Amino acid sequence: MRVFSGVQPTGTIHIGNYLGAIKQWVELQEKNECVFCIVDLHALTVPYDPLKMRDLVLEKAIAYIAAGIDPEKSIIFIQSQVKEHAELAWLLNCVTPVGDLTRMTQYKEKAKKFKQNLNAGLLNYPILMAADILLYQTDMVPVGEDQKQHVELARTIARKFNQRFGETFKIPEVKVRKIGAKIMSLRNPAKKMSKSDEPESYISLFDEPEEIKKKIMSSVTDTGKTIKYNPSKKPGISNLLTIYSLLSDKSIEEIEAKFKNKGYADFKKSLAETVVNALEPFRRKRKELLSREVYVREIMSQGCRRAQVIAQTTMQDVRKKMGLI
Ligand code: AMP
Ligand code: TRP
């Protein structure tokens, strides 16, 4: 099966991104043909500093590899280097009703946040994402909960295109984890963990042990004393239990049993240790890669060439079907 997914280059990659998306990618690359993208074109839809973009993209390439994406097994590339993404996005613009875009949850949230200079890119964001996915005749898209609606729209766009112009695109399936698809903020368990919030609210994949301990020990939890999974009544503890479980490969029940007669402080201390240990290999690998920029760039160029071959094949067919010469 072909798998496609991506992360935006802005901000740092946090354990929400890792547990919701990248951890699935690492597992999927063993048995599938995987294509992982750094979606820099998507990142242009909100205010950003052009001088910093280059470093942010390189940093994400390093993060992918440090977190376990193997460039021998998977294609890793930068979206803007494969021009077909922008080209297909334009063509898909012409088959997508505006109403389908204005009802997207992420658009509605961002439209509120960036009321001052709301650009058309923010509205058309899901079309570019549909182009990313459909260009590669993707079977499966592993993402976190918040991107599910966008993948569903990509399916709708593909179906509509196929009906109008003849069978062209594969209809992709979305893959969202049963637990861990929405890791919550450490400062406010009612909100998802997000890289645009304050650093105390997330744990970056590369935070130092001391920072990790501090953030976990001071994370907001619920009233009461018991360590029990109950997302509606105890959202804070349930979120921490989810993180604990996914990073230790222990079931939530096992962890609950382990802390049956213990308090929040003991639980948080043990969680901090678990997180520090789980992320240690990533920190180490990242340090090594930071001094090997040429190697990382070569992986990106190779990924770009391999991605182009697939993307160009799809585009030839699309252009023909749409009547372009
Ligand atoms: P982004 O940081 O928006 O580029 O997201 C990259 C990937 O991480 C997407 O698949 C998101 O759905 C996923 N993701 C982002 N935040 C979270 C979160 N708090 N919990 C789980 N998955 C997330
Ligand atoms: N929009 C996604 C996010 O913010 C990133 C993304 C862009 C993506 N293109 C994609 C994810 C294609 C999966 C498939 O998280």
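Here the structure is a predicted model, which is why all the values come from computation and not from measurement. All ligand and atom numbering here is 1-based and tracks the order in the structure.
- Ring centers of Phe282 and Tyr18: under 6.0 Å apart, within the cut-off.
- Annotation for Val296 and Ala61: closest pair CG1-CB, 3.8 Å, computed over non-hydrogen atoms.
- The residues lining ligand 2, counting any heavy atom closer than 4.0 Å, are Phe4, Ser5, Gly6, Gln8, Val39, His42, Tyr125, Met129, Asp132, Ile133, Val141, Val143, Gln147.
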query = So Glu87 and Arg319, salt bridge (Lys or Arg N to Asp or Glu O under 4.0 Å) or not? Walk me through it.
reply = CA-CA 10 Å; Glu87 185 182 358; Arg319 292 173 63 96; 2.8 Å; yes
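- Closer than 4.0 angstrom to ligand 1 by heavy atom are Val7, Gln8, His14, Gly16, Asn17, Gly20, Ala21, Val143, Gly144, Asp146, Gln147, Gly180, Ala181, Lys182, Ile183, Met193, Lys195, sorted by chain and number.
- Judged by distance alone, the side chain of Asn162 and the main-chain N or O of Thr168 form a donor-acceptor pair under 3.5 Å.
- Within a 6.0 Å sphere centred on NZ of Lys228, other residues, nucleotides and ligands contribute 12 heavy atoms or fewer.
- Checked against the 6.0 Å centroid threshold, His14 and Phe206 do not count as a close aromatic pair.
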message = Applying salt bridge (Lys or Arg N to Asp or Glu O under 4.0 Å) to Arg305 and Glu298, what does each step give before you reach the verdict?
response = CA-CA 11 Å; Arg305 286 193 294 273; Glu298 181 47 37; 3.7 Å; yes
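- Side chains of Asp70 and Gln29: no donor on one and acceptor on the other come within 3.5 Å.
- Other residues, nucleotides and ligands place no more than 12 heavy atoms under 6.0 Å from the CZ atom of Arg164.
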